[in-house]
Structure formats: structure tokens, C-alpha cells
**Q** 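I'd like to ask you about the structure that follows.
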2 protein chains.
Amino acid sequence: MAVTMNDVARAAGVSLKTVSNVINNYEFIRPATKQRVLDAIDELGYETNLTARSLRSGKTSMLGLVLADLSIPYYAELASDIMKAALSRGYRVLVEQSGNEAEHEKAVLQGQFRSLTDGLLFIPLAIDAEQIIAAAGRKPLVLLGEFVQDPRLDMVLIQNKEAAAAVTAHLLAGGRRRIAVLGAHDGDTTGSNGLRLEGYKAALAAAGMAYDPALVIPCDWRRDGGADATARLLDSGVEFDAVFGLNDALALGAMHELLLRGRKVPEEIAVAGFDDLDESRFASPSLTTVAPGRAEIAERAVELLIQRIESKDAVPTVQRPEAAFELRVRQSAP
Amino acid sequence: MAVTMNDVARAAGVSLKTVSNVINNYEFIRPATKQRVLDAIDELGYETNLTARSLRSGKTSMLGLVLADLSIPYYAELASDIMKAALSRGYRVLVEQSGNEAEHEKAVLQGQFRSLTDGLLFIPLAIDAEQIIAAAGRKPLVLLGEFVQDPRLDMVLIQNKEAAAAVTAHLLAGGRRRIAVLGAHDGDTTGSNGLRLEGYKAALAAAGMAYDPALVIPCDWRRDGGADATARLLDSGVEFDAVFGLNDALALGAMHELLLRGRKVPEEIAVAGFDDLDESRFASPSLTTVAPGRAEIAERAVELLIQRIESKDAVPTVQRPEAAFELRVRQSAP
DNA sequence: GGCCACATCTGCAACGATGTACCCAGCCCG
DNA sequence: CGGGCTGGGTACATCGTTGCAGATGTGGCC
């Protein structure tokens with residue numbers, strides 16, 4: 001059905017291999033020959049069969065990206081950045097939604113999905129380092145985010161702690177004294193939740209303020225999680241003059257609930273988030289947040305993964321680029 | 001390096017083909033043999049090489065999805081739904097971002113991208129039906145949305161006109177008399193913009209109201225486009241008591257600008273959108289909008305495309321499922 | 001003139017799976 | 001008892017490319 005190299009070869013009066021050489025820019029081909037081949041390709045409308053090439057070369061030129069769900073804006077924006085970074089380096093991205101389920105995450109690490117990709121970018125949420133190492137195959141793997149940390153794994157970190165501290169410090173500088181934190185448990189110390197909570201505590205300590213566990217409310221990292229948590233907080237009667245959502249979705253949910261209940265933002269209660277989603281800029285009031293350097297994270301992760309794929313040495317050195325963050329002060333917490 | 005069927009065959013003491021038969025659930029295999037093969041697979045950790053299978057079978061079991069950019073929430077949410085619909089039918093989705101550029105859209109229709117997929121779901125934005133037909137290859141293609149319409153192409157429509165009319169009627173029922181429309185040119189009659197504008201006009205006519213072109217403001221379908229358009233509208237001095245953003249992003253941008261300028265929503269000016277993004281529910285005030293039945297669109301599009309892929313008859317019948325819409329009345333336009 | 005070096009091009013085998021054809025044993029049936 | 005059928009399995013070619021190992025031709029140089 002489709003046009004193959006053989007057809008092109010016949011049309012151009014050369015061998016199949018010469019067509020292959022032309023396509024792969026082999027150096028020693030007479031210009032005239034090359035032109036004949038190119039003309040034939042044009043005329044017949046030949047397209048390389050990437051499947052065949054993959055089989056032969058053992059490379060698919062695709063990166064796998066495993067995340068919870070594209071309908072979550074942070075992941076969608078990150079995916080977009082990653083796809084662009086990959087494309088500029090000659091790779092495509094195959095996205096897989098794990099739905100935040102441990103079984104699914106494990107399956108993806110070993111399953112057939114791997115055979116379609118040369119390497120994996122993985123945002124683990126439900127499984128830990130041991131499980132990842134146990135389940136992962138031999139192909140390159142780079143972790144994103146920071147729910148998991150292990151010296152045996154490549155990963156690209158973001159400055160969770162520092163950035164969270166910066167947000168907290170900003171709220172304190174604005175005169176807030178009782179800052180509620182949404183999206184963590186009191187005891188958390190690892191993962192994005194734990195590290196951001198640590199940053200919060202560090203900023204409090206630096207300001208000589210006491211840490212009150214009653215202000216730390218666990219919940220799903222989604223808008224409705226933030227709204228629910230805020231409702232619970234308001235109902236509980238605990239006093240607070242600011243809310244720090246450990247991600248923007250939480251903060252936006254919180255703000256929605258606060259306004260719904262007639263609390264003034266930021267006059268009565270300031271709100272701040274973490275991620276700098278596009279929508280945060282257009283919220284009303286616009287959301288103060290911290291940009292974790294998403295584009296840079298995407299670039300670095302893609303670069304690191306491709307390096308692993310293309311480098312001959314199989315020795316997995318640990319490398320942890322730290323992407324820069326930037327505080328975005330807006331109306332919700334001036 | 002990797003374990004192949006050959007290795008499994010040797011380990012199980014059967015022929016390579018028998019392993020293949022076991023994997024493909026060929027009926028006539030003695031249970032004992034089957035078990036031996038399965039044990040060998042388990043022991044060696046064999047995984048089918050999907051690339052090889054694709055080459056041999058001529059099917060990749062992947063659907064291509066071409067959209068402007070995943071960072072746009074509507075596309076991200078649609079992509080998520082499409083991936084789920086495809087996965088439940090045994091297909092994966094390979095996403096390609098066109099960036100809304102005509103050249104890129106054309107390239108994707110013919111380029112190597114096609115050889116990686118069995119069929120394409122395409123949301124055309126920058127090119128028209130003629131260009132699509134000229135550029136498209138022989139593989140199945142299903143269009144989404146409604147920027148393009150042509151009887152020679154398969155597509156899944158949404159009820160742009162009817163849904164837009166419903167939104168407009170709702171605003172009118174709320175007593176609004178001067179409804180600005182963001183995201184269309186006065187003369188538009190085709191594409192999502194044109195059709196939604198037509199719906200708007202139809203609702204006005206049904207209510208016996210005059211249509212005023214001065215209320216129709218063209219702009220990019222993004223939050224900042226909506227904000228800019230609203231700023232221009234306010235500056236122009238044209239009177240209006242409601243804003244209908246032709247998508248939610250526009251409406252949210254508009255609402256942001258209105259509130260920024262101290263206009264009360266919905267008391268002074270009501271705001272309504274189109275899409276029912278997740279974030280619209282949590283905007284403050286929450287956004288009145290219309291849900292176009294995204295999940296159903298995704299299901300239908302995937303179903304139609306897979307039907308085209310798997311059906312033997314190559315005759316391209318025109319089929320246009322109409323997904324149902326639902327008005328979501330919220331605070332911004334009660 | 002002979003030989004080497006190099007540019008240019010070719011043929012064959014392979015990547016790892018599946019389709020097709022075929023083989024063999026057992027069994028039923030006339 | 002022979003022929004046909006059917007269950008259970010195998011061998012080989014093949015999908016469209018690329019790597020490897022030549023084969024050919026041309027010019028330069030001693």
C-alpha cells in the first residue's frame with residue numbers, strides 16, 4: 001500500500017541502500033544521484049516508516065511521560081513544556097496518565113509502555129523509591145518533582161523548601177501572623193508536601209514565630225480539596241489571617257470558599273499558592289504565588305533524560321539540577 | 001539485550017511460533033504447553049516488543065491527537081478524556097501540539113507523525129477543509145470541534161449554535177439587554193466563533209432584540225485576549241450590561257478585567273462563558289457557562305475513529321454525532 | 001604501468017514479531 | 001483398514017528499515 005524505499009529505489013534507478021543513505025545524509029553520494037533520489041521521493045510521496053526504523057535501530061525517539069492526569073493544569077502546562085523541549089531535540093513524547101494509582105504507576109514502569117519509548121520521565125505520586133527501583137527496567141528513567149528522593153535515581157528537583165519559605169516570609173512581611181497551610185499533614189517531612197511544609201516552618205522560625213499544628217490542614221491537591229479544607233478550617237473556629245495553599249489549585253479553591261463566605265481577600269485573609277498557573281494570574285483577586293521555574297525544569301529533565309539515553313556509559317551518576325524559583329506577588333497577598 | 005520470543009521459546013522447549021500463539025491467545029494449545037510458555041515468560045521477564053509487532057502487523061494501536069497546545073485548559077481536559085476513551089478500547093494516544101500554525105497543521109497531516117498512528121483526531125484551527133483534504137493521507141481522520149465543516153470529512157460536532165443561544169437566552173432572561181460578545185468578528189458565520197455568534201444572534205432575534213455589531217469584539221481565545229477585549233470595550237464607552245465570552249478563558253479574562261476596574265459582577269455586568277472548564281466552577285464569582293459534553297465528544301470521536309480504522313469498507317460515509325450540551329448557571333450570571 | 005586510496009554505490013543479513021502453509025498424530029467413520 | 005478430519009505444533013517468509021562488508025571505478029603517485 002504505502003510507498004517504501006524499494007519503490008523509491010526502483011524509480012530513481014539506484015539500490016535500496018542508496019536511498020537509505022540519502023535519507024540519512026550519508027556523506028559520499030554524488031549530488032546528481034542524491035537529486036535523483038530526492039526527486040523520486042518527492043514524486044512518489046515517500047515517507048519513512050518510523051516503526052521499521054525503530055525496530056532496526058532499537059530506538060523509538062520517543063520519551064514517555066507519566067503523570068497523574070492532564071486535566072490537572074499544573075501537569076498539563078508541564079507536559080506542554082516537556083513536549084516542546086523534547087521536540088526541539090528530535091524526540092516525541094508519549095503521555096500516560098497514572099490516575100495517581102500505585103498499581104498503574106508500577107505497571108507503567110515495566111509494562112509494554114517502556115518498549116515504545118527510549119526513556120521515561122516520571123512524576124511518582126503513589127509509589128516510593130524502593131518500589132520504583134524494583135519495578136523499573138533497564139531503560140533510562142528521570143524523576144520529576146520531589147515526592148521521591150533516592151541517590152540511586154536520576155531526578156530533577158524543584159526548590160520546594162526554599163520557595164515555600166519565600167512565600168511564607170512574604171506573608172509574614174505583610175503582617176500576617178496566623179498562616180494556615182493547606183495540603184499537608186502536620187508530621188510530613190518528605191515529598192513536595194513535606195518539603196513545602198518544612199519551608200513554611202523554617203520561615204516561621206526565622207521570623208521567631210511559633211508553629212501551630214492546628215493551622216495545617218491535610219487535603220487533596222485540587223481546587224475542591226482546598227475549598228473543603230477551608231470550609232473545615234472556618235467551621236473549626238481556629239483563627240487565621242492568611243492561607244498558604246501548597247499548590248495553586250488549593251489556594252484557588254480556598255479563595256473561592258473564603259469569598260463565598262463573605263471573607264475579604266486580602267483585607268481579612270491573604271491567600272498565596274505555589275506553581276504560578278496561568279489561571280492564577282487571572283483569578284479575582286489575582287493570586288500571589290511562586291513560579292517554580294517550570295520551563296527550566298522541563299528543559300533540564302528532557303536534557304538529562306536524553307543524555308542518559310544517548311550516552312554510552314551505563315553508570316548511573318546522580319545528578320540533581322536545582323531549578324530557580326520566582327515569587328509572584330499579586331492582589332491576593334500584596 | 002532484551003528478552004525476545006526466541007529466548008522464551010528455547011526456555012520453554014517449544015517453537016517461537018508457539019510462544020507467539022500463547023501470547024495472542026490462540027485457541028488450540030494444550031494447557032500444559034501454555035503453562036510452560038507462561039512460566040518461561042515470567043521467569044525471563046519477557047515483554048512483547050510493540051515496535052516489532054507494529055511493523056509486522058501494520059498497526060500501531062496508537063491514535064494521533066493534534067491540538068493547539070496542552071497548556072490551554074480546554075484542550076488539556078479534552079485530551080485527558082480522549083486518552084481515557086482510547087485506553088479503554090486498547091489504543092494509546094500520541095499528542096502533537098500544532099501551536100495553531102497552518103504549516104505545522106499541514107505537516108502533521110502528512111508527515112512521519114502519521115506513520116506512528118493508525119488514525120488521527122484533529123482539531124483544525126489554522127487550515128480549512130480544502131487544505132486538509134489535500135494534505136491528508138489515506139489513513140482515517142476524524143475532525144473535532146467545528147472550525148471546519150465538509151461533507152467529505154468525518155467529524156464530531158458540538159452544538160455550538162444551540163448552546164450559545166441557550167447562554168444568550170439565559171442572560172436575556174436575567175434582564176440583560178446589552179450583551180457584549182468576545183471572540184468573534186461581526187461577519188463570522190463559520191467555525192466555532194461564527195456558529196456561536198450565530199447562536200447569539202438567533203437568541204436575540206427570538207427575544208425580539210436588535211443586534212448591535214458594536215458589541216462584538218474580536219480577540220484571541222485566551223484569558224489575556226478576553227481581558228484586553230474587555231479593556232477596549234470599557235474604554236470605548238459602549239454601554240453593556242453583560243459579557244458573553246465565546247469560551248471560558250475569554251469570560252474569565254473579561255471577569256478579571258471588570259473586577260480590576262471595580263465593576264461589580266454580576267450586579268452591574270453579568271458574565272457567561274462556553275466550555276465549563278474545571279476552573280470556572282471555582283472562579284470568584286463562579287462562572288455561568290455551558291458544558292458542551294466534552295466526555296461524550298471524546299467518546300464519540302474515539303469510537304468513530306476506531307471504527308474507521310477497524311472497518312474493512314474504505315467508503316468514507318459522513319457521520320455527524322451531535323453531543324448534548326448543558327447550561328451551568330452560577331454566580332456570574334444567575 | 002601498477003598500486004593504493006578513496007569516493008561511491010551495492011547486497012545481504014538482521015531487528016522481533018506474525019501469517020501462511022504445512023506436518024504429524026490420533027480418532028472417527030464407513 | 002484406509003481416508004478424512006481435527007487438534008496441536010512447527011518452519012519459513014515477511015513487514016521496511018539500517019549496519020556491515022564488500023564491489024566498483026577513478027585519480028594520483030612513484
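Just so it is clear: chains get the letters A, B, ... in the order the sequence lines come, proteins before strands, and each one is counted from 1. This structure is a prediction, so every number in the text was calculated from the model and none was measured.
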**Q** Starting at NZ of B:K34 and ending at P of D:dG7, how long is that distance when rounded to a whole Å?
**A** 15 Å

**Q** Has the side chain of A:R56 got a donor or acceptor that lies under 3.5 Å from a partner of the other kind on the base of D:dT18?
**A** yes

**Q** Ignoring hydrogens and angles, tell me if any N or O in the side chain of A:R308 forms a donor-acceptor pair with the backbone of A:P140 under 3.5 Å.
**A** no

**Q** If I take atom CD in residue B:E27 and atom P in nucleotide D:dT6, what distance separates them, rounded to the nearest angstrom?
**A** 13 Å

**Q** Please report, rounded to the nearest Å, how far the P atom of C:dA17 is from the CG atom of B:N49.
**A** 5 Å

**Q** Can you check the B:I41 CD1 to C:dA17 P distance for me, whole Å?
**A** 10 Å

**Q** Output the rounded distance in Å from CZ (B:R114) to C1' (D:dG16).
**A** 19 Å

**Q** Rounded off to whole Å, could you give me the CG-to-P distance for the A:L16 and C:dC12 pair?
**A** 12 Å

**Q** For the side chain of B:K17, counting heavy atoms from C-beta on, which of C:dG19, D:dG16, C:dT10 is nearest?
**A** C:dG19

**Q** What is the distance, rounded to the nearest whole Å, between atom CD of B:E47 and atom P of C:dA17?
**A** 11 Å

**Q** Indicate, with a heavy-atom threshold strictly under 4.0 Å, whether A:T51 touches base, sugar-phosphate, or nothing.
**A** nothing

**Q** Test your reading of the model: is there a side-chain donor-acceptor pair from A:E105 to the backbone of A:A126, 3.5 Å cut-off?
**A** yes

**Q** Quick one: label B:T18 by what it contacts on the DNA or RNA (base, sugar-phosphate, nothing), any heavy atom closer than 4.0 Å.
**A** base

**Q** Looking only at the side chain of B:A52 (C-beta and beyond, no hydrogens), which of the listed nucleotides D:dT17, C:dT10, C:dA17 gets closest?
**A** C:dA17

**Q** Identify, between A:I23 and A:Y26, the residue whose nearest nucleotide on DNA chain D lies closer to the 5' end.
**A** A:I23

**Q** Of all the choices, D:dG8, D:dT17, D:dG19, which nucleotide is nearest to the side chain of B:R30 once you look at every atom?
**A** D:dG8

**Q** Taking only N and O in the side chain of B:S15, is any of them less than 4.0 Å away from OP1 or OP2 of D:dT10?
**A** yes

**Q** Do B:N6 and B:T4 have a side chain donor and acceptor closer than 3.5 Å?
**A** no

**Q** Which residue lies toward the 5' end of DNA chain C, A:S57 or A:I29, if each is placed at its nearest nucleotide?
**A** A:I29

**Q** Could you walk me through whether A:T48 and B:Q112 pass side-chain hydrogen bond (donor to acceptor under 3.5 Å, both in side chains), step by step?
**A** CA-CA 7 Å; A:T48 340; B:Q112 308 185 312; 3.0 Å; yes

**Q** Take the protein atom CG of A:L55 and the nucleotide atom C1' of D:dG19, then report the distance between them rounded to whole Å.
**A** 13 Å

**Q** Ignoring the backbone of B:N24, work out which of D:dT17, C:dT18, D:dT10 is nearest its side chain.
**A** C:dT18

**Q** Examine distances only and state if a side-chain atom of B:N24 and a backbone atom of B:Y26 form a donor-acceptor pair shorter than 3.5 Å.
**A** no

**Q** Quick one: label A:S54 by what it contacts on the DNA or RNA (base, sugar-phosphate, nothing), any heavy atom closer than 4.0 Å.
**A** nothing

**Q** With distance as the sole test, does B:R294 use its side chain to make a donor-acceptor pair with the main-chain N or O of B:D81 at under 3.5 Å?
**A** no

**Q** Can you identify which nucleotide, out of D:dT10, C:dA7, C:dA17, has its nearest atom closest to the A:F28 side chain?
**A** C:dA7

**Q** Phosphate oxygens OP1/OP2 of C:dT18: is one of them under 4.0 Å from a side-chain N or O of B:S20?
**A** yes

